[in-house]
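For reference, the structure discussed in these notes is given below.
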Protein chains: 2
Amino acid sequence: MTTTYNDKQIQIIESAETLFAEKGFNGTSVRDIAEKANVNLAMISYYFGSKDKLLEALFSYRGEYLKITLENMMGDGTMSSMDKMNTVIDHYIDKVMKQQCFSRIMMREQVLNHTGFTAKLIFEMKKRNQELISRLIHDGQRKGEFRKNIDIPLMMATLIGTANTIVATQHYYREINNLQTLSDEDFQKHMKKKLSQHLKKLFKAILTHEE
Amino acid sequence: MTTTYNDKQIQIIESAETLFAEKGFNGTSVRDIAEKANVNLAMISYYFGSKDKLLEALFSYRGEYLKITLENMMGDGTMSSMDKMNTVIDHYIDKVMKQQCFSRIMMREQVLNHTGFTAKLIFEMKKRNQELISRLIHDGQRKGEFRKNIDIPLMMATLIGTANTIVATQHYYREINNLQTLSDEDFQKHMKKKLSQHLKKLFKAILTHEE
DNA sequence: CACAAAGTTAAACAAATGTTTGATTTAAAC
DNA sequence: GTTTAAATCAAACATTTGTTTAACTTTGTG
């Protein structure tokens with residue numbers, strides 16, 4: 001299933017990613033992409049077939065990245081369920097922060113298109129991630145660490161929604177907190193740390209506090 | 001500042017709203033809008049000048065709606081700060097749920113365009129809402145109801161991000177919770193209630209729980 | 001070298017796009 | 001009823017769009 005792409009294809013995909021994140025899929029022309037990638041216009045059709053297929057290629061290229069890949073941690077008997085959950089949170093934040101362009105595209109795509117290839121991919125990714133978290137939570141409940149009656153989809157929405165909203169509106173966050181003096185790198189670090197603290201606190205409240 | 005629109009203009013604006021929410025701004029042609037609104041193509045330029053200006057008109061038309069308009073509640077001495085905060089939460093959820101199309105458009109627009117008319121409007125709206133909530137929180141802190149060191153922008157991101165993510169992916173939420181049998185109306189009610197409980201719980205945790 | 005496949009190109013293509021035109025109809029005011 | 005402005009319309013406009021063509025260069029292989 002995993003397709004491999006050559007250098008030129010990756011150049012095109014990553015140029016497209018930047019532009020899609022910046023101006024949206026429909027707001028970006030294949031000529032824009034060709035120019036940014038320094039390739040001839042026809043190369044995009046030649047390699048990917050169409051603009052739509054290029055988006056699909058981008059999702060295949062990045063898709064693996066946004067999956068929570070912590071299966072090996074799951075069985076670890078030495079970690080508490082809460083520690084595991086905190087690891088999942090940091091893992092997710094890490095991915096969103098490292099792939100901000102793709103996160104924006106995903107955020108936009110999932111609001112649109114409930115059919116089609118990308119919707120299907122997003123849906124499966126969501127489902128997969130949710131199953132992992134469900135297992136984690138049920139383990140925690142069995143051990144008495146977590147309380148009962150946890151609405152997992154809502155919890156996921158808070159994780160995904162908060163992280164993506166912050167990433168999407170970080171210029172605003174930066175201004176409101178007077179962090180313009182920070183270097184880009186330092187600001188990213190700051191934001192990541194704050195986001196991590198915030199979400200862990202929220203999750204602790206959902207998972208352990210009684211009414 | 002507040003422009004009034006005649007029936008035909010509103011017809012166009014609301015048709016555009018539906019289509020923009022469904023297919024995005026760039027994914028919608030003015031011909032699509034004209035057809036949906038049952039008006040001649042040229043009427044859109046005639047009334048609004050351009051497609052971009054039509055989007056601006058939509059924001060002017062709906063913009064007022066998404067502002068949190070609870071200034072009169074603020075001074076109410078009989079309500080606790082937590083009660084006020086819960087009212088703000090329900091107020092926001094109510095607006096997002098009632099204006100799902102516009103919420104989707106805003107969500108998409110704020111990821112894109114950090115310049116331009118709509119970005120400016122969103123920015124001002126954000127700032128205004130944040131000031132209101134800041135006041136509320138500082139009142140609560142002064143009264144000893146809320147703890148210190150609350151990251152308000154992060155809190156706002158959780159409110160906005162969670163609510164909008166749920167609205168944007170409600171088909172998924174519905175499927176995952178086996179709520180397909182519910183009527184649309186009942187499902188909206190269900191989702192609203194759950195969302196309200198969830199966010200109130202989160203906010204209570206952020207605002208009152210000590211480390 | 002010869003040959004075939006893959007890569008690359010400028011040009012052309014048809015369709016769709018946002019916008020404008022100019023003629024015609026409707027409505028209101030005098 | 002005449003005049004004037006607003007509203008409506010089909011058609012045309014110039015760009016931009018995604019995609020294809022057909023000629024070419026490059027690359028690798030026997």
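Sequence lines set the chain letters: A, B, ... in the order given, protein chains first and strands last, and positions in each chain run from 1.
- Atom CG in D52(A) sits about 10 Å away from atom P in dG18(D), given to the nearest Å.
- In this structure, N40(A) atom CG and dT26(D) atom P are separated by 15 Å, rounded to whole Å.
- Ring pair Y172(A)/F123(B) is perpendicular by interplanar angle, where above 60° counts as perpendicular and below 30° as parallel.
- Among the protein residues, L41(A) comes within range of the nucleic acid bases, having at least one heavy atom under 4.0 Å from a base atom.
- Taking for each of D32(A) and A42(A) the nucleotide of DNA chain D with the nearest heavy atom, the 5'-most of the two is the partner of D32(A).
- At whole-Å resolution of the value, CD1 in I44(A) and C1' in dT20(D) are 14 Å apart.
- Put simply, CE on M43(B) is 12 Å from C1' on dT26(C), counting in whole angstrom units.
- Within 4.0 Å of S29(A), counting heavy atoms only, lie sugar-phosphate atoms of the nucleic acid but no base atom.
- For K51(B) and dG18(C), the NZ to P distance is 4 Å, given to the nearest whole Å.
- Of the candidate nucleotides dC9(D), dT21(D), dA12(D), dA12(D) has the atom nearest to the side chain of R31(B).
- As rounded to whole Å, 16 Å separates atom P of dA6(C) from atom NZ of K8(A).
- Proximity note for S45(B) (side chain, C-beta onward) versus dA6(D), dT19(C), dT8(C): the nearest is dT19(C).
- Here Y47(B) lies in heavy-atom contact (under 4.0 Å) with sugar-phosphate atoms only.
- Rounded to an integer number of Å, the gap from N38(B) CG to dT8(D) P is 12 Å.
- Atom CD in E35(B) sits roughly 14 Å away from atom P in dG18(C) (whole-Å rounding).
- Ring geometry for H190(B) against Y173(B) counts as tilted: the plane angle lies between 30° and 60°, on a 0 to 90° scale.
- Counting heavy-atom neighbours within 6.0 Å of Q180(B) CD, excluding the residue itself, gives a total above 12.
- Here F102(A) and F59(A) bring their ring centres to under 6.0 angstrom of each other.
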